[in-house]
Number of protein chains: 2
Amino acid sequence: MSHFPFQRLQAELTTLIASLPAETQLPSEPELAKKMGVSRATLREAMRSFETQGLIRRKQGVGTFVIGEVPVIDSGLEVLESIETMASRIGLSVSTGSLKIDLLSADVDCAEVLEISIGSKVTQVSRVIFTDERPVAYLVDTLPEVFLSEKDLKTGFNGSVLDLLLRRGIPRLANSRTEIKAVNADTEVAHLLDIQRGDVLLQLKANLYTTAGKVIDHSLSYFLPGYFSFHVNRRVG
Amino acid sequence: MSHFPFQRLQAELTTLIASLPAETQLPSEPELAKKMGVSRATLREAMRSFETQGLIRRKQGVGTFVIGEVPVIDSGLEVLESIETMASRIGLSVSTGSLKIDLLSADVDCAEVLEISIGSKVTQVSRVIFTDERPVAYLVDTLPEVFLSEKDLKTGFNGSVLDLLLRRGIPRLANSRTEIKAVNADTEVAHLLDIQRGDVLLQLKANLYTTAGKVIDHSLSYFLPGYFSFHVNRRVG
DNA sequence: CAGTGGTCTAGACCACACG
DNA sequence: GTGTGGTCTAGACCACTGA
C-alpha cells in the first residue's frame, strides 16, 4: 500500500496513542523515531496533528504525554457569548492567563475597522484561555477607549470584554459579524498557546455592533481545534 | 529581534511575493533557499502558508508561481447553499473535477449518523471544485440510496447533491447542522487539492435534515482558506 | 532528457525543565 | 548537569512536467 513512511507511521502512532492510558509519557523523540524506523523530522511532522487534536501534549524540556478525555467546549455560533459563558454552561472551568492591556493609537487598518479617526486612543485586551493547565485559545479585543478604559477593568473583570460590556448595559449590543478561517499559527501565537509554529488553528475575526449599528469592538480569536466544537444551523433557501 | 531565520525569511518572502506581478515564476527551491540563506526545508515551511492563503501556486515538475488577485468566494453560513450557488451569486465560474460516485454498504459510523441500519446501501458522491484551474475544495456527500440512486445522477447533475435534492423538491429540506473545524490535510485530500500533506484546511461537517426532522444527507467538505470567506451573524444573548 | 517540487534522513545546535 | 522538545541544515532520492 503506502510506500511512504508517513502514512504507516501515522496509523501506528494513532493506535499506539489510543492504546495508552492518560498521562503516560511517550519515549523521547529520538527513541520513538528509531523504534518506528523513521527520522525525527518525520516523527515530529506526524505528531503535529495529534497535538492540535488534543490527543497528546508536548512540553519542552519535559516530554510528550498522552491526554485522556479532552474537555470539548461545544457551542453554536448563532448566539454570541464569551468563552467563559460557553464553558460554564457545560460545567467546565476555564482560567485566563497572559492578560495584557494596552492603550494604543489607532493605525490605518484599526481606524477603518472601528470607524474612528486615525490616532484615536484604543484599548487592546489580549489573553490566553486555559482549561486544565492547557492553553487552548488566544483572544485579542480592540475597542475605542471611550468604550473601555483601563479603570473599567479594575472592578470585577473576569477577562472577557464581551461580558463586561453586557454587564454594563450601555451601549446596548446587538450582534457580531464573525468571519471564520483556518490558519497556521505564527511564531507569536504558537508560543502563547504552547504549540508549534505552523500548527493548525481556527480563527474567528469579529466586529461587534451596537443596536444603533455602530462598531464597538473588534476581536481576533484563535482556537486549538481539538478543544472546541463550533457549529451553526443553516436553513434552506 | 528575531534570532530565528524563519521569521525574517517569512517577512522577506511576503514582500518579495507582493512585489512581483501575477504569473511570475519564482526561482527554484534550491536557488531561492540559497539566496535567502536558509535550508530548503525552512524555505518550504515558510512557503506553506503562502500557498493556502492563495498567494502562490506550486506545481510539481514545473515551478512556483505568484498568484495575483484571488477570486474569494464569500458566503454567510446561515443559509445553506451549494458552492455553485455561492460562486454564481458573485459572478465566479467554478467547475467540478474528480467526480466519483460509489454505491456502498453503511458501516457502523455511517449507519449511526444517517439513522439507518448497518449494511444499508448508501450513495457516496465525492468531487473537487476548481476555480481557474485551481482545486480549491473537496466535497463528499453520503446519503441512503433511496434518496439518491445512480440513475438520478444521469440527468442534469451539476455536481451538487444539494442542488439536485432542492430541484427535486421531495422530500422537502429544512436545515443543516454544520460543524466547523480546522484540520491538517491528510495524504489523500492533499493530493486531490494539489497541496502539501499537513497544509491547513477549513472543514465543514454537516447533517442535512428534512422538514420531518429526518437525516437525509451527511456531507464532509474541505476548503482552501485563501479562496473562501465564510462568515456568520451572531446575535447577542 | 533536464529541471522542478515532494519526501525523507542524519545530525547539529538551541531553549527549557528538573534535580 | 542531564534529558527533553524546538529549530535548522545539507543532502539524498523520488515523482512529475515538458521539451
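If you're wondering where the values come from, they're calculated on a predicted model, not measured in any experiment.
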Report yes or no: is there a donor-acceptor pair, N or O only, under 3.5 Å between the side chain of A/Gln60 and the base of C/dA17?
no

Nearest-0.5 Å distance, CG of residue B/Asp74 to CD of residue A/Glu179:
7.5 Å

Could you give the CD-to-C1' distance, from A/Glu51 to D/dG6, as a whole number of Å?
12 Å

What class does the angle between the rings of B/Tyr138 and B/Tyr222 fall in, given that below 30° is parallel, 30 to 60° is tilted and above 60° is perpendicular?
parallel

Assign each of B/Asp194 and A/Thr42 to its nearest nucleotide of DNA chain C by heavy atoms, then name whichever residue's nucleotide is nearer the 5' end.
B/Asp194

Would you mind telling me which of D/dG6, C/dT4, D/dC8 lies closest to the side-chain atoms of A/Arg58?
D/dG6

For B/Glu29, run the salt bridge (Lys or Arg N to Asp or Glu O under 4.0 Å) check against B/Lys34, B/Lys35, B/Arg40 and tell me which one passes.
B/Arg40

Counting heavy atoms from C-beta on, name the nucleotide in C/dA10, D/dT17, C/dT7 closest to the side chain of A/Ser39.
C/dA10

Could you work out which one of D/dG5, C/dT9, C/dT4 sits closest to the side chain of B/Glu31?
C/dT4

Can you measure B/Leu9 atom CG to D/dT7 atom P for me and round it to whole angstrom units?
14 Å

Over 12 foreign heavy atoms within 6.0 Å of CD, A/Glu112:
no

B/Arg197 near the nucleic acid: base, sugar-phosphate alone, or nothing, with a heavy-atom cut-off under 4.0 Å?
sugar-phosphate

Assign each of B/Gly61 and B/Ala41 the nucleotide of DNA chain D bearing its closest heavy atom; nearer the 5' end lies the nucleotide of B/Ala41

Measure from the side-chain heavy atoms of A/Arg40 and tell me the nearest of C/dA12, C/dG6, D/dT9.
C/dA12

Could a donor-acceptor pair under 3.5 angstrom be found where the side chain of A/Arg57 meets the base of D/dG5?
no

Under 4.0 Å, heavy atoms only, any strand: does B/Gly37 hit a base, just the sugar-phosphate, or nothing?
sugar-phosphate

Nearest whole angstrom, please: distance from the C1' of D/dC16 to the CD1 of B/Ile195.
18 Å

Between C1' on D/dT7 and CD on A/Glu45, what's the gap in Å once rounded to a whole number?
14 Å

A/Glu29 has an atom CD; how far is it from atom C1' of D/dT2, in whole Å?
17 Å

For residues B/Ser49 and A/Asn184, is any side-chain donor paired with an opposing acceptor at under 3.5 Å?
no

Between atom CG in A/Leu43 and atom P in D/dG5, what is the gap in whole Å?
9 Å

Separation of C/dT9 atom C1' from A/Met36 atom CE, nearest Å, is 17 Å

Rounded to the nearest angstrom, tell me the gap between atom CD in B/Gln10 and atom P in D/dC8.
11 Å

